[in-house]
Protein chains: 4
Amino acid sequence: MAATLDLIHEEGLQSVTFSKIFKRANVGSGTIYNYFANKEEIVHAVYKESRMHMGECLVKGFTPEASLYERFKRLQLNRLQFGIDFPKEYLFIDSFSFSPYISPEIRNMDDAHNSREVVLSVIIEGQKNGIFKEMESHLCHQLIHGIITSILKGYYVQKYPLNEIQIQQILEASWKAILV
Amino acid sequence: MAATLDLIHEEGLQSVTFSKIFKRANVGSGTIYNYFANKEEIVHAVYKESRMHMGECLVKGFTPEASLYERFKRLQLNRLQFGIDFPKEYLFIDSFSFSPYISPEIRNMDDAHNSREVVLSVIIEGQKNGIFKEMESHLCHQLIHGIITSILKGYYVQKYPLNEIQIQQILEASWKAILV
Amino acid sequence: MAATLDLIHEEGLQSVTFSKIFKRANVGSGTIYNYFANKEEIVHAVYKESRMHMGECLVKGFTPEASLYERFKRLQLNRLQFGIDFPKEYLFIDSFSFSPYISPEIRNMDDAHNSREVVLSVIIEGQKNGIFKEMESHLCHQLIHGIITSILKGYYVQKYPLNEIQIQQILEASWKAILV
Amino acid sequence: MAATLDLIHEEGLQSVTFSKIFKRANVGSGTIYNYFANKEEIVHAVYKESRMHMGECLVKGFTPEASLYERFKRLQLNRLQFGIDFPKEYLFIDSFSFSPYISPEIRNMDDAHNSREVVLSVIIEGQKNGIFKEMESHLCHQLIHGIITSILKGYYVQKYPLNEIQIQQILEASWKAILV
DNA sequence: TATGAATGAGCTTTCATTCAT
DNA sequence: AATGAATGAAAGCTCATTCAT
């Protein structure tokens with residue numbers, strides 16, 4: 001699975017072949033079929049694993065007792081940090097989340113930590129308290145999520161560095177974007 | 001090229017084959033080779049054309065004389081509108097802009113209208129006038145661009161509608177995100 | 001036809017395509033079909049023309065009145081000279097005379113000058129007069145013909161030059177080969 | 001490789017396709033690509049193998065102690081016999097030795113038995129001893145080689161039989177052709 | 001008569017998948 | 001359980017041939 005992810009990152013799913021995976025993973029060609037029925041399955045497995053991994057990371061250090069501002073920033077920072085630490089996972093999830101290659105059921109899977117629900121509940125709480133602007137919560141979610149994704153993509157192609165100062169600017173911007 | 005774009009949208013580049021293109025476009029298999037040397041070339045051509053088209057749309061109705069706020073909103077609205085009107089083009093450009101399948105030269109091509117420069121100059125003007133926060137201009141560009149992209153992706157999978165009211169909220173949010 | 005012969009010589013029939021012929025001959029692709037029904041026909045036409053041309057050259061300056069020795073040498077020299085002057089024709093004839101690509105009827109065609117008969121009659125006369133060894137006349141023909149062909153092939157790949165001195169040696173050798 | 005040689009003999013390289021090879025050899029189409037990267041490679045491999053085989057046969061029974069006449073005849077007979085026993089190999093080697101399809105390196109390869117050198121050394125020895133005419137040794141080689149080739153080609157198209165008597169005549173003729 | 005864009009049969013080649021070892 | 005040679009369906013691509021202009 002690691003070999004698969006690496007290859008997708010390097011060459012795009014488009015040109016990842018099984019024989020490349022075999023070679024990279026140093027296994028015989030038949031071996032993989034003891035674990036995955038076909039190529040689609042291994043890609044799906046990589047997708048699921050990446051989603052699980054990201055789910056874990058997104059809620060790391062999240063404490064319901066912290067202030068709304070702190071919780072919001074924690075979630076945004078965690079996402080940004082995940083993207084910085086695991087670019088291959090992040091990009092893979094991003095490109096396949098909206099691709100016809102991934103079936104809707106898998107796309108909409110919930111991770112073990114329910115990170116999506118956690119984010120949504122923070123949004124809804126903020127809106128109830130009159131801190132965040134009233135808007136469709138999914139739209140709001142998508143908005144703050146999109147800011148992180150976009151920033152990361154620019155970072156990946158080295159448009160700019162991401163140091164402490166930039167990170168703080170981004171967290172601020174995403175917070176201000178949805179204030180009333 | 002239209003057939004190619006349709007198929008990419010429907011099934012993903014991954015599973016677009018030449019024979020599907022031939023059938024969809026109602027041309028003989030050899031015909032395409034009079035115009036494109038191979039499959040990569042036709043995909044590149046579609047990418048270029050889409051980029052040109054988007055470039056045009058992004059600056060539609062943009063008047064340098066308008067206020068900063070109006071110009072900013074015009075650019076954001078144009079991008080959003082392009083994404084709403086031409087989802088296939090928009091998604092295709094988005095996924096290929098960061099894919100190894102597209103060579104860096106083509107990825108970084110400038111469109112005829114220099115829309116990228118127009119956006120950047122608005123950002124820099126806003127920063128000079130103390131309206132926008134001081135941050136790396138490309139990072140700022142990526143940020144407001146990313147908001148639109150992300151919102152569109154949620155819209156495409158029907159997470160929410162995009163009516164006048166949502167559109168105004170998004171434009172507002174992206175404006176506020178980068179204010180000082 | 002000249003373009004076809006050139007290309008066969010340069011790249012081998014194997015890789016001569018019609019589009020190469022069109023380009024080399026500076027004619028439109030359809031034009032050729034006004035003159036030749038298909039690719040095989042043009043190759044056959046080239047073969048026939050080359051055979052006609054060679055047939056003419058082989059009997060040039062041949063006078064029935066001359067001595068047997070002089071007539072024999074004339075025929076051998078003519079063949080050698082033709083091979084030196086028209087390497088493309090000579091090689092083409094040689095390779096296709098025994099190829100399944102050329103139908104037996106065309107292979108066995110008689111040229112306008114009946115050069116084959118002329119050679120055979122010289123051989124038979126020599127055998128009758130007790131000058132040439134008694135052997136199947138076609139075998140004898142093939143033998144002296146083969147000496148020339150083989151020498152030419154070595155010359156074409158520049159194994160050695162063919163000056164007056166070598167030429168005389170070869171004519172001598174072929175004469176002596178069949179003496180009683 | 002045997003299937004390939006058969007097909008080349010039957011229809012000419014010109015019309016040998018991979019699908020014909022697969023069928024004839026009773027292997028799946030993909031199998032061949034585990035051993036040969038492309039069509040050219042398999043033809044080259046057949047050429048090399050045939051050359052090796054012929055090289056072996058040419059020096060069979062050759063003893064340096066025998067008289068010059070006997071050694072000469074042995075070499076000529078071996079070549080003739082090889083051509084009679086393995087017409088497909090012989091014709092294939094002959095046509096490709098001067099074809100642009102075969103790269104010069106492969107064309108000029110030395111077989112394991114250095115048969116070419118053996119023949120040349122016999123020629124040079126004969127010339128030193130004043131038995132053979134003084135002429136460029138490669139030209140002389142080509143000459144006696146060419147007699148055999150040419151005779152074989154006539155035999156292949158059944159112009160004449162090749163029995164003991166004809167064979168002796170040919171060996172005699174080639175010996176006499178190069179005597180002083 | 002000359003043209004060359006369009007064609008599609010058929011070629012080469014790839015690659016996911018099988019299965020005997 | 002691991003292997004990798006063999007497979008063949010299906011892909012990319014070529015090129016002789018047609019036909020409207």
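Proteins come first, then strands; the chains are lettered A, B, ... in the order of their sequence lines, and each starts at number 1.
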Residues F96(B), L13(B); criterion side-chain contact (heavy atoms from CB on, under 4.5 Å); working and verdict: CA-CA 10 Å; F96(B) 280 80; L13(B) 178 64; 3.1 Å; yes
From CA spacing to verdict: side-chain contact (heavy atoms from CB on, under 4.5 Å), K153(A), T149(A): CA-CA 6 Å; K153(A) 285 189 181 173; T149(A) 297; 4.0 Å; yes
Considering all heavy atoms, the nearest R116(B)-M109(B) contact: NH2-O, 3.5 Å
Flag side-chain contact, heavy atom, 4.5 Å: L5(A) against M1(A): no
Distance flag, aromatic centroids of F82(A) and F86(A), threshold under 6.0 Å: yes
Salt bridge E10(D)-R24(D), side-chain N to carboxylate O under 4.0 Å: yes
N or O in side chain of T31(D) less than 4.0 angstrom from dA5(F) OP1/OP2: no
K39(B) NZ to dT14(E) C1', straight-line distance once rounded to whole Å: 12 Å
Which residue lies more 5' along DNA chain E, comparing V27(B) with A37(A) via nearest heavy atoms: V27(B)
Nearest heavy atoms of F18(B) and I42(B), plus distance in Å: CE1-CG2, 4.0 Å
Which residue lies more 5' along DNA chain F, comparing G30(B) with N34(D) via nearest heavy atoms: N34(D)
DNA chain F contacts made by residues 1-25 of chain D, counting heavy atoms under 4.0 Å: none
Residue closer to the 5' end of DNA chain E, N38(D) versus Y35(C) (nearest nucleotide): Y35(C)
Spacing between Y33(A) atom OH and dC15(E) atom P, to the nearest angstrom: 13 Å
First of E40(B) and I32(A) reached from the 5' end of DNA chain F, by closest nucleotide: I32(A)
Residue pair K39(D) / V16(D): nearest heavy atoms and the distance that separates them: NZ-O, 2.8 Å
Dot-bracket encoding per residue of DNA chain E, Watson-Crick/G-U cut-off under 3.5 Å, | denoting interstrand: .||||||||||||||||||||
Sugar-phosphate, base or nothing in reach of F36(D), heavy atoms under 4.0 Å: nothing
Residue pair V43(A) / Y47(A), side-chain heavy-atom distance below 4.5 Å: no
